[in-house]
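These values consider heavy atoms only, across backbone and side chains, with no hydrogens, waters or symmetry-generated copies.
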Amino acid sequence: MTIRKALWLLGFMAMGLASAQPKVVSGYENGKPGGTLTMALSSAPQTLFYYGAIDSAIQTLANQMFDGLIEYNYKTYQIEPALAASWTITGESKVYTFKLRKGVKWSDGRDLTADDVVFTYTQIVANPEAKGGDAGNFAGVKIEKVDAGTVRFTLPKPAPAFIHYMRLPIMPKHKLVSFSQEGGKKPGDINNAWPTNVDPDEVVGTGPFKLQSYTAGQKVTLVKNPNYWKRDADGTPLPYLDRLEFLIIPDSQAQVAQFLAGNIGQLNISGTDFPTLKQREVQGAPIKVVQFRALFGSPPHLAFNYDDKNPELAALFRKTEFRRAIQSAVNRKRIIDDVYNGLAELPGNGVAPVSEWYYDTTKLLGTYDLAAANAALDKLGLKKGADGIRLLPSGKPLEFTLTYGSNSSTFTAIATIIQNDLKAIGVKANLQGVLAANLLSTGRGKDWDAIILGFGDQPDPELRTPIWKPGGDLYYWHQSTQPTTPGGQPQFSNFLPWEKEIYDLWEKAASTTNFTQRKALYDRWQAIFAREAMVIMIAKAYAVGAVSTKYGNYIYSLGVIPGYNPVTIMYQK
């Protein structure tokens, strides 16, 4: 190489660095590059395409492979720039304009551009056929490319929570356009992208890691993305770790055993496992166990199928008096003490107790009172038979199937306690275990009576619209309120009166920009939720985690949401 050419290359490289906008992550230990972290997945991924399924496994993996326009601070949860270096909100809070971070590349070396962002939101997120999309919250939103580095979203009305939707993972247009409507395919074909047997080189992202391999049902391996756009305070490229390995271990107790054996380096646990691990830590094991009141996490609830295939059960499950009677029979204190070992608290109604949006409905929830529950069921005319089991109007026993996650020690224990308490008031619950990963798909099906399931809390109620707003995609306990076609209007004729009241509250709150007024609307919703026992909230677990002491920068104070695990700054000592 000639001196002239060498000098030209150096100058070119310097110009490239000057035009790039790496994000500096500070406030943590400066780690050293290298090493591997092994973690656990409770189920095998159904797909390697984030928007192709509602699946906790791919959400966990996607968080390491993809980024959104914004992200949350690891410690404070404040919104920060990510793929967007900056943004403005104008036009009476209806116009959001994002400037993309310069120099960001996909893991295959291609430049990230506004085309990728527009493609992600128009062809995937706003596509009502995308299983993991969010079309409802993008209805009427105009999404346009201003220039190669600028994207504009114009909303039909103000939406104060809209900025949070900018956390959704941005996807590579050059790899996915062939599966999209823009590429000539049907809307539902987007779900066929990146099946689990895809060539790993096709799965391209901007996140800290990229896919190396997937051994079906056993292990997913991610390796460091050399094009990642974050640096530490010393300028060292992140992530520090070279490799992430996810072992697929469905059973929670087996996960703990693998952690104690040193085969897993970090594990999110429940209060059920806390004493065992904490005792090992005190005895000198090279582990650290932490616990915090959590913003994130999925508090379990008990839901009844308002559209049960048994008409008598469906009619009963729709009665507030019945659900409140059952609510009085749920011994939350025992569950908190015995199942979570005290590392949980009374739940909110759709909002975490530590959230600024929380409204205290403790008095409306009532207390554990079997006498009150029995009296309420007596008042409904559900008399006990000779065997102590109450009878339906037809004379058949009041019994139903209670579905729970059999590979979760927490859900198994909760189901057993509830079964025993219901027996004490003359209600027979027959336990039916399924894999925890299949609970949501079971609930969204038709063939179930009652189920124990959990949905993750978020910092703004609006982010849970598909769950708690009647007619939403995840409003699974009353599916006859859902639209008959994707993206259509809810079936208002099937709404119960209090469901219409909740629907109207959510409609108004979605465009109310004044915090005080908006909170009053969500307070009212939480009060109705509690009064009607829409579903029966059970407990809000603390965030409990364990990590090997050979790793530094372990952050877990916010608790877990699907995929939220800031391993980017973790390093192997």
Expected output: side-chain [X] to main-chain [Y] donor-acceptor under 3.5 Å:
{"X": "T47", "Y": "F49", "answer": "yes"}
{"X": "S441", "Y": "N438", "answer": "yes"}
{"X": "T403", "Y": "I451", "answer": "no"}
{"X": "D308", "Y": "N305", "answer": "no"}
{"X": "T215", "Y": "Q218", "answer": "no"}
{"X": "R101", "Y": "A82", "answer": "yes"}
{"X": "S406", "Y": "V434", "answer": "yes"}
{"X": "D55", "Y": "P45", "answer": "no"}
{"X": "K224", "Y": "P208", "answer": "no"}
{"X": "S355", "Y": "V351", "answer": "no"}

Exercise for review: Determine, step by step, whether N225 and F209 satisfy the side-chain contact (heavy atoms from CB on, under 4.5 Å) criterion, reporting the C-alpha distance in whole Å, the side-chain angles of both residues, the deciding distance to 0.1 Å, and the verdict.
Suggested key: CA-CA 5 Å; N225 175 8; F209 297 91; 5.7 Å; no

Near [X] [atom1], under 6.0 Å, is it more than 12 heavy atoms from other residues, nucleotides or ligands?
{"X": "D447", "atom1": "CG", "value": "no"}
{"X": "K519", "atom1": "NZ", "value": "yes"}
{"X": "Y359", "atom1": "OH", "value": "no"}

When rounded to the nearest 0.5 angstrom, what distance separates [atom1] in [X] from [atom2] in [Y]?
{"X": "I452", "Y": "Y404", "atom1": "CD1", "atom2": "OH", "value": "9.0 Å"}
{"X": "S86", "Y": "I70", "atom1": "OG", "atom2": "CD1", "value": "13.5 Å"}
{"X": "L176", "Y": "M171", "atom1": "CG", "atom2": "CE", "value": "7.5 Å"}
{"X": "L453", "Y": "F455", "atom1": "CG", "atom2": "CZ", "value": "5.0 Å"}
{"X": "Y476", "Y": "I467", "atom1": "OH", "atom2": "CD1", "value": "10.0 Å"}
{"X": "T513", "Y": "Q517", "atom1": "OG1", "atom2": "CD", "value": "7.5 Å"}

**Study point:** F138-Y121 aromatic ring centre distance below 6.0 Å
**Key:** yes

**Study point:** Contact list for residues 103-114, test side-chain hydrogen bond (donor to acceptor under 3.5 Å, both in side chains), sequence neighbours left out
**Key:** K105-D111, W106-D116, D108-H174

Review point. Is the W468 ring parallel, tilted or perpendicular to the W525 ring (thresholds 30°, 60°)?
Key: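 Rings of W468 and W525: tilted, 30 to 60°.
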
Practice item. Report the relative orientation of the aromatic rings in Y522 and W506; use parallel for angles under 30°, tilted for 30 to 60°, perpendicular for over 60°. Key: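 Rings of Y522 and W506: perpendicular, over 60°.
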
Will you find, in the side chains of [X] and [Y], an N or O donor that is under 3.5 Å from an N or O acceptor?
{"X": "K99", "Y": "T150", "answer": "yes"}
{"X": "Q212", "Y": "R243", "answer": "yes"}
{"X": "N197", "Y": "Y214", "answer": "no"}
{"X": "Y306", "Y": "Q479", "answer": "no"}
{"X": "Q266", "Y": "N268", "answer": "yes"}

ring-ring contact (aromatic ring centres under 6.0 Å, His included) partners of [X], counting only residues at least two apart:
{"X": "Y96", "result": "F162"}
{"X": "F492", "result": "F495, Y503"}
{"X": "F317", "result": "F304, F322, F400"}

I'd like a table of donor-acceptor pairs (distance under 3.5 Å, sequence neighbours excluded) in which one partner is a side-chain atom from residues 126-135, with atom names and distances.
residue : atom : partner : partner atom : Å
N127    : OD1  : E129    : N            : 2.9
N127    : ND2  : Q123    : O            : 3.4
N127    : ND2  : P187    : O            : 2.9
D134    : OD1  : N137    : ND2          : 3.0
D134    : OD2  : N137    : ND2          : 3.1

Review point. Which pair of non-hydrogen atoms, one from L222 and one from L61, has the smallest distance, and what is that distance?
Key: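 Nearest pair, atom of L222 first, then L61: CD1-O, 4.3 Å.
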
Exercise for review: Assess whether side-chain contact (heavy atoms from CB on, under 4.5 Å) is satisfied between T206 and L83, documenting all intermediate values.
Suggested key: CA-CA 9 Å; T206 60; L83 294 181; 3.8 Å; yes

Point to revise | Evaluation steps, ring pair (Phe, Tyr, Trp, His ring centres under 6.0 Å), between W357 and F515 | key: CA-CA 10 Å; W357 299 99; F515 175 83; 4.7 Å; yes

Residues which pass side-chain contact (heavy atoms from CB on, under 4.5 Å) with [X], listed by chain and number, not counting sequence neighbours:
{"X": "D189", "answer": "K185, K186, N192"}
{"X": "P200", "answer": "L211"}
{"X": "P299", "answer": "D457, M537, K540"}
{"X": "S480", "answer": "D307, R318, H478, N494"}

Check your understanding: Residues two or more places apart in sequence or in another chain: which of them pass salt bridge (Lys or Arg N to Asp or Glu O under 4.0 Å) with K508?
Key -> none

Expected list for residues 36-44: side-chain donor-acceptor pairs under 3.5 angstrom, two or more places apart:
residue : atom : partner : partner atom : Å
S42     : OG   : Q255    : NE2          : 3.1

Measuring only between side-chain heavy atoms, which start at C-beta, is [X] closer than 4.5 Å to [Y]?
{"X": "Q482", "Y": "P490", "answer": "no"}
{"X": "Y72", "Y": "H164", "answer": "yes"}
{"X": "P22", "Y": "R231", "answer": "yes"}

Check your understanding: For R524, what residues pass the side-chain hydrogen bond (donor to acceptor under 3.5 Å, both in side chains) criterion, not counting sequence neighbours?
Key -> E501

Review point. So does E202 pair up with K175, basic N to acidic O under 4.0 Å?
Key: yes

Check your understanding: Taking it one step at a time, do F66 and I170 satisfy side-chain contact (heavy atoms from CB on, under 4.5 Å)?
Key -> CA-CA 7 Å; F66 304 97; I170 301 302; over 6 Å; no

Review point. Can you check side-chain contact (heavy atoms from CB on, under 4.5 Å) on M65 and V203, steps first, answer last?
Key: CA-CA 9 Å; M65 297 190 290; V203 184; 4.3 Å; yes

Review point. Can K500 and E507 be said to form a salt bridge (charged side-chain N to carboxylate O under 4.0 Å, His left out), step by step?
Key: CA-CA 10 Å; K500 183 59 167 62; E507 282 284 289; over 6 Å; no

Practice item. Might you work through the salt bridge (charged side-chain N to carboxylate O under 4.0 Å, His left out) test for E71 and R167, ending with a clear yes or no? Key: CA-CA 6 Å; E71 64 183 4; R167 183 178 169 268; over 6 Å; no

